[in-house]
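Step one of this worksheet: look at the structure below.
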Amino acid sequence: MARIIQAVRGMNDVLPDQEHIWEFFEQTIREWMVAYGYRNIRMPIVEHTDLFVRSIGAVTDIVEKEMYTFLDHLNGDSLTLRPEGTASCVRAVLEHNLLYTGPQRLYYSGPMFRHERPQKGRYRQFHQVGVEALGYAGPDIDVELIIMCAGLWKKLGISNLRLEISTLGNVESRTLHRSRLIGYLEKHLGKLDKDTRRRLYSNPLRVLDSKNPEMQKIISDAPGLLENLDEGSLRHFEKLQHMLLDQEISFEINPRLVRGLDYYNRTVFEWVTDKLGAQGTVCAGGRYDGLVEKIGGKPTPACGFAMGVERLLALMVECGKEIPNPVPDVYVIHQGEATDGFTWKTVGHLRDQGINAILHCGGGGFKVQMRKADSSGARFAVIIGDDEAQAGVISVKPLREKEKQVKVGLEEAVGLLKGI
Ligand code: ATP
Ligand code: MG
């Protein structure tokens, strides 16, 4: 026998038994986005490598070690499977000049790719829903995005998510903070891990985002960014907090909150759970007022977030959200060849009337077919024997209730099956 080829490590199949949970999630997202006036945008999964290097930043985990980058041998282009959606989204907005008509509220969803060590809640192909509001200076839009998230958690049946917020200030305050941080870290040089030492001068802020447990003490004693905040960012942050309090959204200020990507400024936030072990951040976002300009557009304030779909689905299950697996309405059992005109006509008509019908295929006697009907989960069996076919009627047998089987005409059957 030929060797079975397996899926790429860290890239998962979603099997039919699980698919309805995804379906529920995606449907909920669509309705939720429409309710807030966000429009869907779909970008390619592959982009020019430069787009990510320029927007995410060269000295970041993603660009340094997580990107699936490859040479297109046909033309020599360096391409990358998208590790996140914001850069692609902004690129598309600029390429099609969408900001010409004013600010844009957009969302997208789909697979992202990062070459990380696969573990629970961390995969190499994973899915995100991303929401981007371009052309809004906030903090009202920052609050809208956070309130939207809170509303979504309710719809998904997720409770006990913690909201952590902070601000990264503007470029000047970050430069000041950066030099204080370098000074502090230089004093602890001996205790720094390899990554940190390498990034000490190129990207010291990223040290605060380190996952290394041995670095946590040094990180928690490091000078905070909030002490060096510029006036404008401070006011922005205060207004944001007032609005959140006013809306009864509880939050914690976490001064160590830095995002793993370069392009954030001012507001940053994360929704975190303790229920998923180490992979506890289900949603992360913030402002990125400099990004549009960095990718070649006019200066445009912007704010957005991305959520990890796999982590949210795991959390829904953890919170006991029940999503019933959809069952077909009808399983159609028939004698002889299905090709006999009456059977085809019957299933066709049922489906036209909005009734989901599985037609038995593959032959077999009445008993075998009946067993299949039972295990299909269908509410009714429709039985078409020779007698029925000749008389132009069908037998309807409830499979989940103790009601009697009846022989009726097609129109009457439709009413019965629809429960009218
Ligand atoms: P982490 O700190 O867990 O590595 P991150 O800061 O790299 O996350 P973001 O780039 O902010 O993550 O992505 C937003 C969200 O996407 C994360 O909060 C998480 O829920 C999800 N996510 C990120 N990387 C993965 C992955 N490899 N597998 C599954 N979900 C992921
Ligand atoms: Mg990461």
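Starting from 1, each residue takes its place in the sequence as its number. Just the heavy atoms: all of them, side chains too, but no hydrogens, waters or symmetry mates, feed the values below. Counting starts at 1 for both ligands and their atoms, following the listed order.
The part of V282 lying near ligand 1 is the backbone, judged by heavy-atom distances below 4.0 Å. When heavy-atom distances to ligand 1 are checked against a 4.0 Å cut-off, E270 has no atom that comes that close, whether in backbone or side chain. Under 4.0 Å from ligand 1, the heavy atoms of E116 that appear belong solely to its side chain.
Between the side chain of Q104 and the backbone N or O of L98 there is at least one donor-acceptor pair closer than 3.5 Å. Checked by atom type and distance alone, the side chain of R351 pairs as donor or acceptor with a backbone atom of A357 at under 3.5 Å. A distance-only check finds a donor-acceptor pair linking the side chain of E310 to the backbone of H127 [under 3.5 Å].
Distance NE2/H236 to CG/D142: 3.5 Å, rounded to 0.5 Å. Here the CZ atom belonging to R266 is positioned 9.0 Å from the OG atom belonging to S173, to the nearest 0.5 angstrom.
Against a heavy-atom cut-off of under 4.0 Å, T281 is close to the following atoms of ligand 1: 17 (C), 18 (O), 19 (C), 20 (O). Against a heavy-atom cut-off of under 4.0 Å, R114 is close to the following atoms of ligand 1: 5 (P), 7 (O), 9 (P), 10 (O), 12 (O), 13 (O), 23 (C), 24 (N). Shown in contact with A284 at under 4.0 Å from a heavy atom are these atoms of ligand 1, numbered in order with element: 11 (O).
Of the candidates R124, M307, R122, it is R122 that places a heavy atom closest to atom 4 (O) of ligand 1. Atom 16 (O) of ligand 1 has its nearest heavy-atom neighbour, among K120, Q125, Q128, in Q128. Between atom 29 (C) of ligand 1 and the options P83, G285, G308, G121, the minimum heavy-atom separation is to G121.
At a 3.5 angstrom cut-off on N or O pairs, E310 does not count as close to ligand 1.
With contacts defined as side-chain heavy-atom distances shorter than 4.5 Å, the pair R287/V268 does not qualify. Looking at Y108 and C89, their side chains come closer than 4.5 Å, going by heavy atoms from C-beta outward.
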